[in-house]
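One structure is given here, and the rest of the page talks about it.
These numbers come from the heavy atoms of this one structure, side chains and all, not from hydrogens, waters or symmetry mates. Proteins come first, then strands; the chains are lettered A, B, ... in the order of their sequence lines, and each starts at number 1.
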Amino acid sequence: MAPPVSALDTELNPPQADAVAHTTGPLLVFAGAGSGKTRVITYRIANLVACARVPPHRILAVTFTNKAAGEMQNRLGRLLGEDLARDLWVGTFHATSARLLRRHGEALGLPRNFVIYDTDDQKAVVNRTLRALDLDEKRYPPRVCLAAIHKAKQELRGPDDMNVRDPWLVTIFRTYEEQLRTANAVDFEDLIGLMVTLLEQNPAGAGDALRRRFDYLLVDEFQDTNAAQYRFLKAFVRDHRNLCVVGDDDQSIYRWRGADVRNIRGFKHDFPDAHVVKLEQNYRSTGRIVRAALGVIERSHERVPKELWTANAEGAPIDIVATRDERDEAAHVLSTIQEARARGVDPKEIAVFYRVHAQSRVLEEALRSANVPYQIVGGTKFYERAEIKNALSYLRVLTNPASDIDVLRIINTPARGIGATSVERLAAFADRAHVSLMEALARIAEPRAGAATARTADLGAAAAGRLASFHALMDQLARRVANMPPSDLLGEVLERSGYLTALRAEDTAESEARLENLAELKSSLYDYEQEAVAAGEEVSLEGYLERVSLQSDVDGMKDGSRVTLMTVHGAKGLEFELVVLTGMEQDMFPYRGMNPGGDHELEEERRLAYVAITRARSRLVITHAETRQIFGTTRLGGPSPFLAQMPADAVTQKATAARGASSLGRFMTHDDGAGHGYAPWRHPQAPSPTPQPLPGERYVDQEFFHDGPGAADDTSGPALRRGARVVHAQFGEGEIKSVVESNEPAVVVAFPGRGEKKILARFLTLVGGGP
DNA sequence: AGCTGGCGGGTTTTT
DNA sequence: CCCGCCAGCT
C-alpha cells in the first residue's frame with residue numbers, strides 16, 4: 001500500500017490522515033459537521049491517483065448534488081491538475097446512472113435517447129392512467145398514488161410486491177410503468193433501479209462490463225442514501241469491495257424521500273471488515289455554536305456515539321430573539337444583516353434559513369425593500385415555469401418522439417385549433433393502434449391513406465388538417481436537430497412553432513416575462529454548449545436535456561455577492577459566516593404539517609436543526625415569532641423546544657421592541673409606556689413570557705411594513721419608484737414611468753430610443769444602489 | 001374552441 | 001393563500 005502524499009500529510013489531523021491513507025477494501029468515515037470531510041474525500045482520491053497509481057477514470061465519486069460534484073472536481077483539479085481531474089467520474093447517483101445507462105441501458109431494451117420524467121411529468125402520467133382506468137381522482141389523488149409508487153420503487157419493488165392493500169394501486173403502478181416504457185422514459189427511481197437490474201441480472205454481460213469500469217467508489221453524504229442506492233453500491237463493488245462511504249448519521253434529513261439512516265449505522269454489518277474512522281474535530285464553528293448544536297443532537301437516541309469538539313474560540317453568544325410576528329421577524333433579520341454588512345461581512349457569507357419555503361416571502365420583501373442583494377434557492381424553479389416546460393417539451397419530442405406526455409403539452413401550445421376533443425380522439429386512435437401519439441399523427445398526416453385514417457379515428461377533415469400541419473411542423477424541426485447547435489434549434493422551435501409570435505401578441509407584463517425566461521433558457525443552452533466543449537464532451541440536445549432534468553436547486557446558486565435565502569434542507573453541506581435561523585417555533589420547527597407525527601419524525605427534525613446550527617462559522621442568530629401567518633391562517637406556537645436544549649452560556653435571550661409592545665397591548669390594560677417594568681424574559685418555554693426589549697435595540701426602517709400612502713400598489717417596495725433609474729439586460733438604462741399592479745411587481749420603463757416597456761421588477765437593477 | 005370566474009382542496013423538505 | 005379544475009358563457 002502506498003503511503004499518503006507527503007505534502008498533504010501535514011495538513012491533516014491523525015484520523016483524517018488515516019482515512020486518506022486507506023486504499024484497499026471497505027472504509028466507513030463518520031464525519032462530524034465541519035470536520036473536514038470534503039478535504040478527506042478529495043485528498044483520498046488524490047492519494048489514490050498520485051500514490052497508488054489508480055487511473056482517474058477508474059474512480060467514481062458520488063455526491064449529493066451536482067454543485068457538490070462540481071466543487072469536488074475543482075478541488076481535485078487544483079490537487080492533481082486539470083488533465084487528471086477531468087477523467088474522474090464525479091456526480092450524483094442520478095447523473096452518474098443516467099450517463100451509464102446511455103451506454104449500457106440497451107441491454108435492458110432502454111434506447112439511448114430515453115428521456116427523464118420529472119415530478120410534473122410523472123403526475124401527468126398518473127393522471128392519464130387514472131383517466132384510462134376511469135378512476136375518481138378524488139379517491140385516488142395523483143399525489144398519493146405517486147407517493148406509493150415512489151416508495152415502492154425506492155425499495156426496488158414492482159407492482160407485484162408493493163406493500164399496499166388496494167389492488168387498484170397495483171394496477172395504477174403497472175400502467176404507470178407501461179406508459180414510461182412505451183414512452184422511452186424513466187423516472188428518478190428508474191435511474192437507480194435499472195442500474196441495479198443491470199448489475200445484478202447481468203443481461204448481455206452488461207453488469208460485468210459495468211463492474212469492470214471502476215476500481216474505487218467513494219460516496220459522500222452516505223447517511224442520505226436509500227435502499228436502492230445502497231444496493232446499487234453493493235452490486236457495483238461486489239468484486240473488489242473498494243467502497244468508501246462518508247457521512248454523519250446525525251445529519252440524516254431525507255427520510256421522507258426514502259433515505260435510510262440504517263445504511264450508515266449498519267454498514268459494519270454488511271462490511272464487517274470495514275475500517276472505521278471518526279472525524280470529530282470541528283474546524284468550522286465557534287465553541288458556542290458547536291456546544292449549542294451538541295445540546296440539540298445529544299438528546300437523540302439511536303445515534304452512533306461521537307464526540308464533536310472544537311479548538312476554536314468560544315465566539316459571540318448565539319442570539320435567540322423573540323419577535324412579534326413574521327413581519328417583525330423579517331425586520332429583525334434585515335437589521336441583523338445590515339449590521340453585519342456594516343461590519344464588513346460579505347453578503348455571500350450571510351444566509352437566512354427557514355423550515356419551509358412558504359416562510360420566504362416576507363423575508364424576501366424585507367430584503368428587497370431595503371435593497372439588500374439576495375438570492376432565493378429553491379421555491380418555484382426556473383425549469384418548472386410553464387413556458388420553459390413547453391419549450392423543453394418541444395425539444396424532448398424532437399429527441400424522443402415516443403414521449404406522449406410531451407406531445408400533449410405542446411400539441412396545442414401555442415393555440416393552433418387542436419382542442420380537447422381532437423386530442424382525445426387522437427389518443428384513442430393511438431391507443432387502439434398501440435402506437436405513440438406522434439406515430440398516430442404521422443399516419444393521419446400521410447398524403448394518401450391519411451384521410452381514411454382520420455375517418456377511422458373519428459376526426460373531421462378540419463381537425464385532421466390541423467393535426468397534419470402540427471406533424472409537418474415537428475417533422476420539419478426534427479430534420480434540423482442534427483444540423484445545428486441546440487441553442488439555435490431552440491430558436492427555430494420557438495419561431496416556427498409560433499410560440500414567440502403568440503407571446504409577443506399577448507403583450508402583457510407576464511408575456512414579457514415569459515419571453516425573457518425563454519431568452520434565458522436559450523442562453524442556458526448556449527452555456528451548456530460552451531461548457532461541454534471546454535470539458536471535451538459531445539454537444540448534444542440529449543446531453544442538455546439530461547442535465548436540466550437532474551438539476552437541483554442548490555445547483556443554481558450563484559457565487560455573486562448576495563445574501564442567500566434557503567430552506568434548511570438546501571443548506572446541507574454549505575457553510576456561512578453568519579446564519580440567521582428563522583421560525584424556531586413549536587409546530588414550525590419541529591415542523592408539523594397536518595399529520596400527528598411520531599418519534600421518528602421528531603428525531604429527523606432534531607437532526608435538521610443540528611444541520612442548520614452547524615452551518616454557521618462565527619455568528620448564529622435564531623428568531624421565533626409569537627404569531628405567524630402561514631397558509632392563510634395564523635399559527636400560535638411557543639418557542640421551539642430545541643432552543644431550551646442549547647446550553648444557557650452559549651445563548652443570549654432577546655426580544656424585539658415590537659414583541660414587547662405586543663405583549664403590552666395584549667396583556668396589559670393600563671398604558672405603562674413600552675419597555676418598562678416587565679418580568680424578565682426567562683426561559684423560552686415559560687408560559688406567556690413578557691420579554692424585555694433589549695436596551696438599544698431598534699429597527700432600521702420599520703416604517704415600510706405599515707402601508708403608507710400609495711403603498712398598496714407599490715408592491716415592489718420603495719426601491720422601484722417613479723423616476724428611478726434602472727438597468728435592463730437587453731434594453732439598457734431607462735427611467736421608471738409608473739408602477740403597475742400585477743401578480744409580480746412590475747413597472748413601465750422608458751428606454752431612450754426604444755420607447756416604454758412593461759417589465760417585471762426582477763429583471764431590473766437599480767442604478768446607483770440604495771434608495 | 002377558448003376564456004373566465006367560481007369553487008374546493010392542499011399546503012414540507014427534492015435527486 | 002394559491003392553485004388547479006370545472007362549468008358555463010362568448
Any base atoms under 4.0 Å from [X], or only sugar-phosphate, or nothing? Heavy atoms, all strands.
| X | result |
| --- | --- |
| A:Asp187 | nothing |
| A:Ser422 | sugar-phosphate |
| A:Ala95 | nothing |
| A:Thr421 | sugar-phosphate |
| A:Arg355 | base |
| A:Arg466 | nothing |

Is any side-chain heavy atom of A:Asp224 closer than 4.5 Å to a side-chain heavy atom of A:Gln251?
->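 The answer is no; the side chains never approach within 4.5 Å.
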
Would a 4.5 Å heavy-atom cut-off, applied to side chains only, mark A:Thr92 and A:Leu550 as touching?
-> no

Nearest whole Å is fine: how far is [N] [atom2] from [X] [atom1]?
| X | N | atom1 | atom2 | value |
| --- | --- | --- | --- | --- |
| A:Asp120 | B:dT14 | CG | P | 15 Å |
| A:Phe64 | B:dT14 | CZ | C1' | 8 Å |
| A:Arg635 | B:dT11 | CZ | P | 14 Å |
| A:Phe589 | B:dT12 | CZ | P | 16 Å |
| A:Glu221 | B:dT15 | CD | C1' | 13 Å |
| A:Asp587 | B:dT12 | CG | P | 15 Å |
| A:Phe93 | B:dT14 | CZ | P | 19 Å |
| A:Tyr591 | B:dG10 | OH | P | 15 Å |

Which nucleotide span of DNA chain C, 5' end to 3' end, has atoms closer than 4.0 Å to non-hydrogen atoms of chain A?
-> C:dC1 to C:dC2

Nearest-nucleotide check on DNA chain B, A:Ala420 vs A:Tyr254; residue mapping nearer the 5' end is A:Ala420

Given that A:His569 and A:Pro141 both sit by DNA chain B, which one's nearest nucleotide is further toward the 5' end?
->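 Here A:Pro141 is the residue nearer the 5' end.
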
Can you tell me if the side-chain N/O atoms of [X] get under 4.0 Å from OP1 or OP2 in [N]?
| X | N | value |
| --- | --- | --- |
| A:Asn226 | B:dT15 | no |
| A:His357 | B:dT14 | yes |
| A:Thr567 | B:dT14 | yes |

Grab the two heavy atoms, one from A:Phe353 and one from A:Ala571, that are nearest each other, plus how far apart they are.
->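 Here A:Phe353 and A:Ala571 meet closest at CZ-CB, 3.5 Å.
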
When you check the side-chain N and O atoms of A:Gln73 and A:Glu71, is any donor under 3.5 Å from an acceptor?
->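 No pair is found: no donor N or O on one side chain lies under 3.5 Å from an acceptor on the other.
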
So, A:Trp256 and B:dT13: ring centres less than 5.5 Å apart, planes less than 30° off, yes or no?
-> yes

Hey, do the aromatic rings of A:Phe222 and A:Tyr230 have their centres closer than 6.0 Å?
->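 Yes: the rings meet the under 6.0 Å criterion.
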
Answer yes when A:Glu542 and A:Arg102 have at least one side-chain N-carboxylate O distance shorter than 4.0 Å, and no when they do not.
-> no

Which listed nucleotide (B:dT11, B:dT15, B:dG2) is nearest to the side chain of A:Asn412?
->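 Closest nucleotide among those given: B:dG2.
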
Applying ring pair (Phe, Tyr, Trp, His ring centres under 6.0 Å), name anything that partners A:His569, two or more places apart in sequence or on another chain.
->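 Checked A:His569 against ring pair (Phe, Tyr, Trp, His ring centres under 6.0 Å); matches are A:Tyr254, A:Trp256.
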
Donor-acceptor under 3.5 Å (A:Thr197 side chain, A:Gly193 main chain) =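 Side chain of A:Thr197 to backbone of A:Gly193, a donor-acceptor pair under 3.5 Å: yes, one is there.
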
When the C1' atoms of B:dT13 and C:dG4 are considered, how many whole Å apart are they?
-> 22 Å

